Structure formats: structure tokens, C-alpha cells
Amino acid sequence: MTAEENNRSANFIRHIINEDLAQNKNEGHVHTRFPPEPNGYLHVGHAKSICLNFGLASEYKNGLCNLRFDDTNPDKEKVEYIDSIMDDIHWLGFDWGDRLFYASDYFEQLYDYAVHLIKEGKAYVDSLSAEKMREYRGTLKQPGRPSPDRNRSVEENLELFAGMRAGKFADGEYVLRAKIDMASPNINMRDPTIYRIRKTKHHRTGDNWYIYPMYDYTHCISDALEGITHSLCTLEFEDHRPLYDWFLDQLPVPCHPQQIEFARLNLNYTVTSKRKLNELVEVNHVNGWDDPRMPTIVGMRRRGYPPAAIRDFCERIGVTKNETVIDISVLENCVREELDRSTRRVMAVLNPLRVVVTNYPEDHTEMLEAPYHPNQEDLGSREVPFSRVLYIEQNDFMEDPPKKFFRLGPGREVRLRYAYFITCHDVIKDEATGEIIELRCTYDPETRGGNAPDGRKVKGTIHWVSAEYAFNAEVRLYDRLFTVPEPGRQDDWHKALNPDSVVTLTEAALEPGLRETKPEERFQFERIGYFCADRKDSLSGKPVFNRTVTLRDSWVKQKK
RNA sequence: UGGGGUGUAGCCAAGCGGUUAAGGCACGGGGUUUUGAUCCCCGCAUUCCCAGGUUCGAAUCCUGGCACCCCAGCCA
């Protein structure tokens, strides 16, 4: 099955793979890997890489994708990140089966290969300090100079390297370097460091090692040891590719994977650099990595984004080498699309305005049937209680409405969704503040269910809850984190933070059935948006809702 | 003349010498609607960074420019 047959759009990586398959390269196998460093939380940019790597593997016959933690820098890595990363990948809908690996699993093999390089005269132990090494490296336009240690004998190199491993030297005293070309126009080839001394406890290997291998050296070998066929990474590694290939050419590795680079994802109105995300957390602009405003996977999860929507998004944005900034509306559209078909509709009044139906009997309640979805019967229906005192949305009433306002106003008639037509007769205000505190309306008993037997039409339909039966819940309205499209480009990106990225409502009145909402359950609050019960703060019988995304609203545009 | 990349609509993105230059998002217009939602129509690049050239024919090939991004960690 080719990608195109599978109804996905073409991209250059699929073309490469199709070509390889056509030539029976790698015995016709596709084997990718997702190689995160466990030094932070995954974000939407990683989601692109996850979907690409796992997605590619799943769309080709016998394709496989490994999860491999690139854990070669114990100073920055923690087990808690490993756990969160695995959770996130599973939540997104992907699985690595029994192929969970760690670069640290290969430390012994990596060491042996390094010895091999030394024996071949292709690596040497250098005593240059970090500063000196930078000096010797030259600049972008000028070639570097060889280190005085460059021609150390193989025997001496072997002995020193063994000493490094044995912990005989202090951090920074020596490094092992590949012997390539100090005059290369590609700085990565100017004798890159492949091992450094770091007397830090590693989260998996503990105190076994005093030396740790560098990324460029580790990554290509790890790929080869796992039989990876296509090693996908981001653009900034493009000029590391000659080095990736160099190591594999020098060493007796089982195979030679192909590194292919693609552009990382940038989304407007947010930031995705680990440093900036960390800063948002540190200075408490957000409440942790899983704050619903964060573009982290766990943040989007808490916000209510369905995993299927994120996968769809990653498919739609494509894969190229163009550096682009994707409009956040593409993501939001994917979320709406998924939620529209999968979610039950219910009624919730966010900012309640009291309505007394003066001609409705006191102490009377009736149950009205309301389907959960306008065009998906299989989602069923529920009954909602109607009684004399109701709440409607404050902004569904205007004392002096413009002609195009299809909602309630003095003397106007509207439909209460699935209930009755009501007409407003009086507006009660707080004498001191002038604030509207109550509406007096009458209902037409003939319009039960929302249709008038006389065929008369009503312009607007608004949502409502019974004041007597509704319950109060906290609802959080989330909005984009930044007010400008590319905050990362500003000198002071903090100034672009949206002060209204969250508005917490505590007076919302929800239809009674919602009381038993389970954490992470999603609903559409009719005419408002999609909401998800917070997975952390919801209590049994007392859910807290997060707004995932608003409904599209052409009325907002018309008002302008 | 350090090296490596990228330029197709407001934002993405197909396209691989012969197509009316796909599709999505955004935007505009209309229809259906008990959500100003959904859904459904319709519109939206005489032109592919620019300039030359090759060719019967060029977004696709060649030459020369221009713009933007990445690289001088003992980070990944």
C-alpha cells in the first residue's frame, strides 16, 4: 500500500520511501524511530514528529517505529520526563510495542566502537580546555588548527580513554574527539567531541559511567543498531548529516540508516521553545506544564483537544523543508471538526440572567426531551426540567437591540431551545446600580417543544436552564496565550502575553445531568463552545469545565 | 565565492517538460437549520522570488541575481 493509495497527500519523505521500496532497499522494510531526550515535556511540535514517525510506520506493510530515549546527558534528564513522554505518546494513539529503547542501553557498545576508532587512528584524546578548543576550531569563514594532542599515539589514546572511563580524571580534563578534518568548511567535521567526562549519576546507568557519549556519535549508531531505515529529524541537523554518515562509514555497524530532515512546526499565537515554555511555568504565567493554555501535549489534553484532532492536524499541515508558521485556526478547525461529530450537546448558562415566566404555574416542573445531537440520533437524548424561574445568558438580552439582533428584547419573542416561545414584558433593574437583574416574560403553552401550531416563526433560539434544578459550576474560558502572531520574534515576548488568556467563571448554571460528568468528558455547550471536564480539578458530583474552543461565530463578525 | 538549506494565494501545500496551477485553513457571497453551530453550493494565483536562456511548449530544465533560515556546546 502506498501513501497515495491510502488517501494521504504526498510529501517528499513518502516519495523517498516509495522509491526505496520500489528498489527493494532495506529488504522492503520501513523502520523509523521517535527519539526524544527526556529533559522536558512534549509539545505540539513533537506531536508532528510522533505522527510522522509512527504514522509512516503504520501506513507501510510491516512498518515499525521504535521509541528511543536519547539519554546521553545525565545533567538534564529525569525519569519523570520519561514517564510523561510515554503517557503522551500513548494518549496520542501510538504504540511502540516491545520496542522501547534507551541510548544508554548502548553505552557499552558505543564504548567499544570508540576504542575501534582509536585503534584505527580515527579518534584521539584531547586535553584542550573547552575555551582553547573553541579557539582552535576556527570560525565560520576561517579553518581551524589541529590540537597539539591530535597526533597522540594509539597506545596513549587507548590508555587515556580507559582512564577516562575509569574515572581517573576530573570533568573537562580530557575529551575524546573524532579525527576528521580541522579545515572542513562544515564546522561539525572539525574533529567533533564524541565523549566527555561527566561524573554525574545517570537515571538509568547510575554510577557506572564517568564518561558519556555525545549526540552525533550516539544517534547514528543507535539508529544502526536498531535497524532503522529512515531516520527523520529536523532541519538544524542537516549539516550534521555528513558526520552521521562518517561514523557509520568508519564503524562495523549492522546497517546504514538514511537521515532525512524536515522543518519543525511553528504555530502562531504561541511559543514552542522548551526554554520559553519553561519560563512561562517558572514565572507562573501559567499553572504548570499541563496548563490548558500550554501547547504541550498534556496541556492540549487537559484543554480538551481530542487526540484524533491533533493527528488530523499533523496530517493536514504536511511535511516539507519549508520553514513555516501554521495558523492556529487550522488546529482549531481540526478540533471543532472532531468535536462536532463526537460530542453531545447540552445547555449551560455561563453568565446567568434570571427570567420569571409569569404565566407559568408556581411549584410546577415538567420534563422536556432534548436530543444530544441535531444530526446523530445514535447519541440519544435526555430530559431537561422546565419550571417558572429560569436563567438565560446575559448577552442574549438587550434592552435596546439593533434590528439584526435575533435574541430577546423588550416585547420580543424568542424560542427557548426544546421548550417554549417566550415574550419579554418587563425589565427589572437594581435601583442603585441600574443593572438588569431580572426579566418578566410570558410563555405560550401551545409552543411546547419549540413549534407554534399556528405556524408563526421566531427569529432566535436561545439556551436556558431551570433556576431550581440547575447547579453551579466553575467554568474556565481559555483563549490564545499571546496577542501577537509571532511572540517569539519580539524582543520582549512577555509583553505579548494575553492578559485574558483565561477567564474563570464561578456563577455558571448547568443543566442537572451534567453534575455526574467524569473527568475528561467532553460536551458542546449549545451556542457557546466545546468544553471538557478538567482531569485534575473535577471532583465527583462537582465537575470543573475548561473551554476547549468556541463555536464559530459569524455574529461576532457582523457586529464589527 | 565559508558551509548547508528554503522560496507556488493572507497561512499551509500538491505539482517532477503538455493540468483550466489539486486540496485544506482564512476570507467573501448564497441556501438549509429549533445552536447566528453543523451541513450544502459559489467565488478566491492569466501565474509559481526576480531576470535572462533552452524548448513547439517551462512552476517544472539551464545561467545569473535577490530574500530568508541554520551552523563556531565538552546540549540534543
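In what follows, every chain begins at residue 1, and chains take the letters A, B, ... in the order their sequences are listed. Predicted model only: the values in this text are computed from it and were never measured.
- Across all strands shown, B/U63 forms a Watson-Crick or G-U wobble pair with B/A51, both key distances being under 3.5 Å.
- A cation-pi arrangement is found for A/Arg480 relative to A/Tyr269, the charged atom lying closer than 6.0 Å to the ring centre and inside a 45° cone about the ring normal.
- Aromatic ring centres of A/Phe545 and A/Phe525 lie closer together than 6.0 Å.
- Remark: the separation of the P atoms in B/C66 and B/C25 is 39 Å, to the nearest Å.
- Cation-pi geometry between A/Arg344 and A/Phe523 is not met at under 6.0 angstrom from the ring centre and within 45 degrees of the axis.
- Annotation: B/U47 and B/G7 have their C1' atoms spaced 15 Å apart (nearest Å).
- With hydrogens and angles disregarded, a donor-acceptor distance shorter than 3.5 Å links the side chain of A/Lys199 to the backbone of A/Phe169.
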Dump the pairs, protein N or O against N or O of nucleotides 10-14 of chain B, anything under 3.5 Å, distances to one decimal.
unit_1, atom_1, unit_2, atom_2, d
B/C11, O3', A/Val325, O, 3.3
B/C11, O2', A/Val325, O, 2.9
B/C12, OP1, A/Val325, N, 3.1
B/C12, O2', A/Ile317, O, 3.1
B/A13, OP1, A/Thr320, OG1, 2.6
B/A13, OP2, A/Asn322, ND2, 3.3

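- Distance A/Phe313 CZ to B/G24 P: 17 Å, rounded to the nearest Å.
- Separating the C1' atom of B/G3 from that of B/U8 is a span of 28 Å, rounded to the nearest Å.
- Of the candidate nucleotides B/U35, B/C71, B/A76, B/C71 has the atom nearest to the side chain of A/Ile187.
- One interatomic measurement links the two molecules: CG of A/Leu235 to P of B/G7, which rounds to 10 Å at whole-angstrom precision.
- Residue contacts for A/Thr72: at a heavy-atom cut-off of 4.0 Å it reaches the sugar-phosphate backbone alone, with no base atom in range.
- Looking only at distances, a side-chain donor or acceptor of A/Tyr195 sits under 3.5 Å from a matching main-chain atom of A/Tyr111.
- Between the side-chain ring of A/Tyr215 and the base of B/A76, no stacking contact exists by the 5.5 Å and 30° definition.
- Among the heavy atoms of the strands lying under 4.0 Å from A/Phe405 is at least one base atom, whether or not backbone atoms are also near.
- In this structure, the CG atom of A/Leu379 is 18 Å from the P atom of B/U38, given to the nearest Å.
- Closest to the side chain of A/Asn186, out of B/G3, B/U35, B/A76, is B/G3.
- In this structure, A/Asn266 atom CG and B/C70 atom C1' are separated by 13 Å, rounded to whole Å.
- Between the CZ atom of A/Arg241 and the P atom of B/C70 there is a distance of 18 Å, rounded to whole Å.
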Under 3.5 Å, which donor-acceptor pairs link side chains of residues 308-330 of chain A to any protein atom two or more places apart or in another chain?
unit_1, atom_1, unit_2, atom_2, d
A/Arg311, NE, A/Leu92, O, 2.7
A/Asp312, OD1, A/Arg316, NE, 3.4
A/Asp312, OD2, A/Arg316, NE, 3.2
A/Asp312, OD2, A/Arg316, NH2, 2.8
A/Glu315, OE2, A/Arg14, NH2, 2.7
A/Arg316, NH2, A/Glu337, OE1, 3.4
A/Arg316, NH2, A/Glu337, OE2, 2.7
A/Thr320, OG1, A/Asn322, N, 3.0
A/Lys321, NZ, A/Glu238, OE2, 2.5
A/Asp327, OD1, A/Ser329, N, 2.9
A/Asp327, OD1, A/Ser329, OG, 3.1

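- Contact between the side-chain N/O atoms of A/Arg336 and the OP1/OP2 oxygens of B/C25 is not found at any separation under 4.0 Å.
- Contacts of A/His240 with the nucleic acid, taken as non-hydrogen atoms under 4.0 Å apart, include base atoms.
- A/Ile197 places its CD1 atom 14 Å from the P atom of B/C74, with the value rounded to the nearest Å.
- Computed from coordinates, the A/Glu135 CD to B/C74 P distance equals 14 Å when rounded to whole Å.
- The phosphate of B/C27 has OP1 or OP2 within less than 4.0 Å of a side-chain N or O from A/Lys557.
- Taking the nucleotide of RNA chain B with the nearest heavy atom to each of A/Thr139 and A/Arg196, the more 5' of the two is matched to A/Thr139.
- At a threshold of 4.0 angstrom between heavy atoms, the contacts of A/Phe237 include nucleobase atoms, whether or not backbone atoms are also involved.
- B/A14: no Watson-Crick or G-U partner with both key distances under 3.5 Å is found in any strand.
- Among the atoms of the strands shown, base atoms are found under 4.0 Å from some heavy atom of A/Asn375.
- The distance between the ring centers of A/Phe237 and A/His219 does not fall below 6.0 angstrom.
- Residue A/Glu238 is classed as a sugar-phosphate contact, given heavy-atom separations below 4.0 Å to backbone atoms only.
- Within 4.0 Å of A/Asn39, counting heavy atoms only, lies no atom of the nucleic acid at all.
- Between B/U20 and B/G2, the two P atoms lie 46 Å apart (nearest whole Å).
- Within the 4.0 angstrom heavy-atom criterion, base atoms lie near A/Arg198.
- Glycosidic conformation at B/G73 (O4'-C1'-N9-C4 for purines, O4'-C1'-N1-C2 for pyrimidines): syn, within 90° of 0.
- When the C1' atom is compared between B/G15 and B/A45, the two are found 14 Å apart, to the nearest whole Å.
- Note on A/Glu332: nothing from the nucleic acid sits closer than 4.0 angstrom, heavy atoms only.
- Rounding to whole angstrom units, CD of residue A/Glu511 and P of B/U35 are separated by 16 Å.
- Going from the P atom of B/A9 to that of B/C41 covers 26 Å, rounded to whole Å.
- Using a 3.5 Å distance cut-off with no hydrogens or angles, the side chains of A/Tyr106 and A/Glu226 do pair a donor with an acceptor.
- Taking the centre of each ring, A/Trp464 and A/Phe386 come in below the 6.0 Å mark.
- One finds a side-chain N or O of A/Ser554 lying less than 4.0 angstrom from the OP1 or OP2 phosphate oxygen of B/A37.
- Nucleotides B/A58 and B/G17, compared at atom P, are 14 Å apart to the nearest Å.
- Base pairing of B/C68: its partner is B/G5, meeting the Watson-Crick or G-U wobble criterion (both donor-acceptor distances under 3.5 Å).
- The residue A/Leu243 sits apart from the nucleic acid: no heavy atom pair falls under 4.0 Å.
- Of the candidate nucleotides B/C25, B/C74, B/C70, B/C74 has the atom nearest to the side chain of A/Val175.
- Ionic pairing of A/Lys132 and A/Glu135 is present here: one or more N-O contacts between side-chain nitrogen and carboxylate oxygen are shorter than 4.0 angstrom.
- The base of B/G36 has none of its N or O atoms less than 3.5 Å from a complementary donor or acceptor on the side chain of A/Asp553.
- Under the rule for a ring pair (Phe, Tyr, Trp, His ring centres under 6.0 Å), the partners of A/Phe69 that lie at least two apart in sequence or sit in another chain are A/Tyr102.
- Going from the P atom of B/A59 to that of B/C16 covers 12 Å, rounded to whole Å.
- Of the residues near RNA chain B, A/Asp71 and A/Ala419, the one whose nearest nucleotide (by heavy atom distance) lies more toward the 5' end is A/Ala419.
- An OP1 or OP2 oxygen of B/G73 is reached within less than 4.0 angstrom by a side-chain nitrogen or oxygen of A/Arg137.
- Close to B/C74, at under 4.0 Å from its OP1 or OP2, lies no side-chain N or O of A/Arg134.
- Residue contacts shown for A/Arg341 are absent, as no nucleic acid heavy atom lies under 4.0 Å away.
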